[in-house]
Amino acid sequence: MLKAAPLRLGINVDHIATVRNARGGRRPDPVRAALLAIEAGADGITAHLREDRRHIRDDDMVRLKAEISKPLNFEMAATEEMLRLASVIRPHAACLVPERREEITTEGGLDVVGQKAELGPAIARLSDLGIRVSLFIAADSQQIEMAAALRAPVIEIHTGAWCDAVIAGHDDKADAEWQRIVAGAKLAKACGLEVHAGHGLDYDTARTIAALPQIVELNIGHFLMGEAMFVGLPAVVREMRAAMDLGRAGLEHAGLGQADLGQADLGQAGLGQAGLGQAGLGQAG
Ligand code: PXP
């Protein structure tokens, strides 16, 4: 059996900027959120500088790079403008995503097969700068194989369709999407790619996907920022870390309510015996 590598948690701070921009001004500050998330156990910070600057802005990216102590993952479209900005900001990683102005969020994966002529040079340019490139794609075999052929070191599997189906209770669709993710993660690993996943994840879906040993990083934003409004950002980061650790250890989440892990009787929930090292449960209280 494949031994699972540690699973990193990347926190996406876009929606702190969404709330800030609703009023203008400087608050709430996405950099403050990033610093708090790292203190609570995040392994990295992700931010998406969209062409329309609807949430994260250029100066947020600059400040994130300057002020955080963990890797910065710059989500971006493979446009000339963004490639130029990446060359100035020099993030640890760049996740190339498709972008359409009219979409509410990143609705699908990149068409790596159809856009290989543009993506190949973008991957090469970023890689030459020492930036680790990931391609945000659906768990589709042709896309995965093309990502490897274009020498992207990493893919991020788009989990949005699976998460939407789980939340809507569409069991057949959820199962089909899950099977695609499982097969895609295996194929990607076999192609030599590092495998990440993200979009639409909550505690339950993160715990489930954490059981896939090929996946080494989850990037999560919207759900956590929503929960943080009720219970605070450090608490949700710690609970997500704990959910991921449980999934990685092949355990059930034991029906713990959202964000009440801190107060839960861990022994009663069966967590006491779980032998989970990591940042998760040690800090959960
Ligand atoms: N990964 C990528 C590539 C994304 O585009 C997004 C959304 O910005 C996420 C992860 C995080 O998705 P969510 O905000 O739904 O957790």
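We count ligands from 1, going down the list as the structure has it; atoms in each ligand are counted the same way.
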Is the side chain of R248 donor-acceptor paired with the backbone N or O of L212 at a distance under 3.5 Å, no angle test? yes

Should the pair D14-R54 be classified as a salt bridge under the 4.0 Å nitrogen-to-oxygen rule? no

Out of all atoms in ligand 1, which are within 4.0 Å of some heavy atom of [X]? Include the element for each.
{"X": "I220", "value": "16 (O)"}
{"X": "G221", "value": "13 (P), 14 (O), 16 (O)"}
{"X": "N219", "value": "10 (C), 11 (C)"}
{"X": "N12", "value": "8 (O)"}
{"X": "G200", "value": "12 (O), 13 (P), 15 (O), 16 (O)"}

Judging by distance only, is a nitrogen or oxygen of [X] under 3.5 angstrom from one on ligand 1?
{"X": "V97", "result": "no"}
{"X": "E75", "result": "yes"}
{"X": "H15", "result": "no"}
{"X": "G198", "result": "no"}

From H48, H199, H196, H222 - option closest to atom 7 (C) of ligand 1 by heavy atom: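 Among H48, H199, H196, H222, the closest heavy atom to atom 7 (C) of ligand 1 comes from H199.
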
From CA spacing to verdict: side chain to side chain donor-acceptor pair (under 3.5 Å), R57, N21: CA-CA 10 Å; R57 298 177 184 147; N21 296 357; 3.0 Å; yes

Exactly one of V13, N12, L35 should register a side-chain contact (heavy atoms from CB on, under 4.5 Å) with I45. Which one does?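 The single option meeting the side-chain contact (heavy atoms from CB on, under 4.5 Å) with I45 is V13.
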
According to the interplanar angle, ranging from 0 to 90°, do the rings of H15 and H55 count as parallel (below 30°), tilted (30 to 60°) or perpendicular (above 60°)? perpendicular

Please answer: with hydrophobic residues joined when any side-chain heavy atoms are less than 4.5 Å apart, are L83 and L72 in the same cluster?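 Yes; L72 is reachable from L83 via cluster members.
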
Calculate, to the nearest 0.5 Å, the distance between atoms CE and CG belonging to M76 and L96 respectively.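 The CG atom of L96 is 5.5 Å from CE of M76, to the nearest 0.5 Å.
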
Could you go through R180 and E177, starting from their C-alpha distance and side-chain angles, then the distance that decides it, and tell me whether this counts as salt bridge (Lys or Arg N to Asp or Glu O under 4.0 Å)? CA-CA 5 Å; R180 278 178 78 192; E177 291 293 340; 3.2 Å; yes

Heavy-atom contacts under 4.0 Å between D14 and ligand 1: side chain, backbone, both, or neither?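 D14 to ligand 1: side-chain contact only, backbone stays beyond 4.0 Å.
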
